[in-house]
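Let me begin by presenting the structure, written as structure tokens, before commenting on it.
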Protein chains: 2
Amino acid sequence: MKPSTSTQDYLKTIYELTENGSPASTNDLARELNIKPASVTGMIQKLAGEKPALLEYQKHQGVTLTSAGKKAALEVIRHHRLLETWLVQTLGYSWDEVHEEAERLEHVISEDFERRIAAALGHPLRDPHGELIPTADLKMPLDDSTPLSALRKDQTGKILSIKGADANLLRHLEELGLTPNTPIEVISYSPFDHNLTVKVNKKTHVLGLNITSKIFIEET
Amino acid sequence: MKPSTSTQDYLKTIYELTENGSPASTNDLARELNIKPASVTGMIQKLAGEKPALLEYQKHQGVTLTSAGKKAALEVIRHHRLLETWLVQTLGYSWDEVHEEAERLEHVISEDFERRIAAALGHPLRDPHGELIPTADLKMPLDDSTPLSALRKDQTGKILSIKGADANLLRHLEELGLTPNTPIEVISYSPFDHNLTVKVNKKTHVLGLNITSKIFIEET
DNA sequence: TCTAAAATTTAGTCTTGCCTAAATTATTTT
DNA sequence: AAAATAATTTAGGCAAGACTAAATTTTAGA
Ligand SMILES: [Mn+2]
Ligand SMILES: [Mn+2]
Ligand SMILES: [Mn+2]
Ligand SMILES: [Mn+2]
């Protein structure tokens, strides 16, 4: 049985929240999904009880995905990221506009549609935000990126991706020239506020942790 | 408030069933929507009670669309037909494959998406089946077509559209060369079974009423 | 360690949209 | 004009997925 739109959104969000290795808490899920914590508890109990179970759940300990859950999550994430890529490439959406549209389309496209856009795009590896696209056989490629916030004076790299879908931040970053594939150099680090001064395209900018923690880099 | 997917499907189906001028019956709706008649009654009572009302309803008399209902119906139909056109033109779908995909996508695309594909396609007038696409301001263009079943010996015309989404019929018609824009000539009419013998691309075919009632013609 | 705050779960409701079975109304047939 | 049949509506239920309020458990602070 195909997971409902709600289930798909839960699984996708849990995937993202557990990428760091630790379980996703009820509250974090509630915040990300804009659903009240009490409702989240109900839903995760249900998903953990399906056969096969989609989640591993222990009261008060948060949830992780089972392999069935992970597979379903990667399916949605693949849809989402292919759709974003394709909306940008073929319909001229800008990278700050695509997320909402993909959020709705991801649940209704067929596997045939998925194959057609993947082929039309030449099987892209990353979406417009630089995020890795799960492969057709639902494996997430290895991610060797580092958050910009972890770099220090004189370290250099190339921007790989921007995490999170905040349209305002994306527009701001585009204005500063902080887009995927752009080389970047750290000029200085301020230990008190964690600000980084960086140089991009000959211009320097001072970036707070709110920003540097969302920009991911390939070190060079 | 945006109509739900269910509501949109009801309105679209009612639009199509009332194109002939008479109200849509509960049973016809139930058959088209694959929903039990009892459920249809419940839903049409609800839709007739909304403010503004989407339907005009009198017990046992069937339903018609109010102007609000018609507008919402044309919005969905425009989405559907633009999507079909676009799936065929840009992703290589064949005309017998597009309907299902469009049926799901029609409910979730944004007005922005609608504008973008309409523009990308050059504001097409008809979908891949030759059906008229409602305009951006939600008017249905005048339809001056005649069913092939109404033509008689020696009358000629050009195929404008195929009604209904039966994929098997569409594939059959494509094999016979009975596709939109094809000139067609009636060779003979058999009054007993309503069969028409027609000539298309130098070949003659005998077509039953099941087929001739679904092919629409511009007389020449 | 005891307590206060925060996180989580339970219990009880609500809405949407569907279903079945039974009742009612309309339409045909005889 | 009755009787039989078909169409429609009513009544009662159910499943999904959300919410609020209250109870409980965990975590952190004094
Ligand atoms: Mn996104
Ligand atoms: Mn979503
Ligand atoms: Mn169609
Ligand atoms: Mn539909």
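The distance from atom CG of L33(B) to atom C1' of dG17(C) is 12 Å, rounded to the nearest whole Å. Regarding M43(A), its CE atom lies at a distance of 15 Å from the C1' atom of dC19(D), rounded to whole Å. Between the CD atom of Q61(A) and the P atom of dT8(C) there is a distance of 10 Å, given to the nearest Å. Residue D9(A) contributes atom CG, which lies 13 Å from atom C1' of dG17(D) at whole-angstrom precision. Note: NZ (K59(A)) to P (dA23(D)) measures 17 Å, nearest angstrom. For the pair I35(A) CD1 and dT9(C) P, the interatomic distance rounds to 15 Å; values are reported in whole Å. The nearest whole Å value for the distance from the CG atom in L47(A) to the P atom in dA16(D) is 11 Å. Here the P atom of nucleotide dT10(C) and the NZ atom of K36(A) are 20 Å apart, to the nearest Å.
At the phosphate of dG17(C), OP1 or OP2 sits under 4.0 Å from a side-chain N or O atom of K46(B). OP1 or OP2 of dC18(C) sits under 4.0 Å from a side-chain N or O of Y10(B). For N27(A) and dA6(C), the shortest distance from a side-chain N or O to OP1 or OP2 is not below 4.0 Å.
Residue T41(B) is classed as a base contact, given a heavy-atom separation below 4.0 Å to a base. The residue T26(A) sits close only to the backbone: its heavy atoms come under 4.0 Å of sugar-phosphate atoms, none of a base.
Of the inter-residue distances, the one linking F113(B) atom CZ with H79(B) atom NE2 reads 9.5 Å to the nearest 0.5 angstrom.
Evaluated for a side chain to side chain contact (heavy atoms under 4.5 Å, CB included) with H205(B), the options L196(B), L176(B), L173(B) yield exactly one hit, L176(B).
The shortest side-chain heavy-atom distance between P180(A) and R126(A) does not fall under the 4.5 Å cut-off.
Projected onto DNA chain D by closest heavy-atom contact, V40(B) and H60(A) fall at different nucleotides, the more 5' of which corresponds to V40(B). The 5' end of DNA chain D is approached more closely, in terms of each residue's nearest nucleotide, by A38(B) than by the other of S6(A) and A38(B).
A salt bridge links E103(B) with K12(B); the closest basic N to acidic carboxylate O contact falls under 4.0 Å.
More than 12 non-hydrogen atoms from other residues, nucleotides or ligands lie less than 6.0 angstrom from CD of E111(A).
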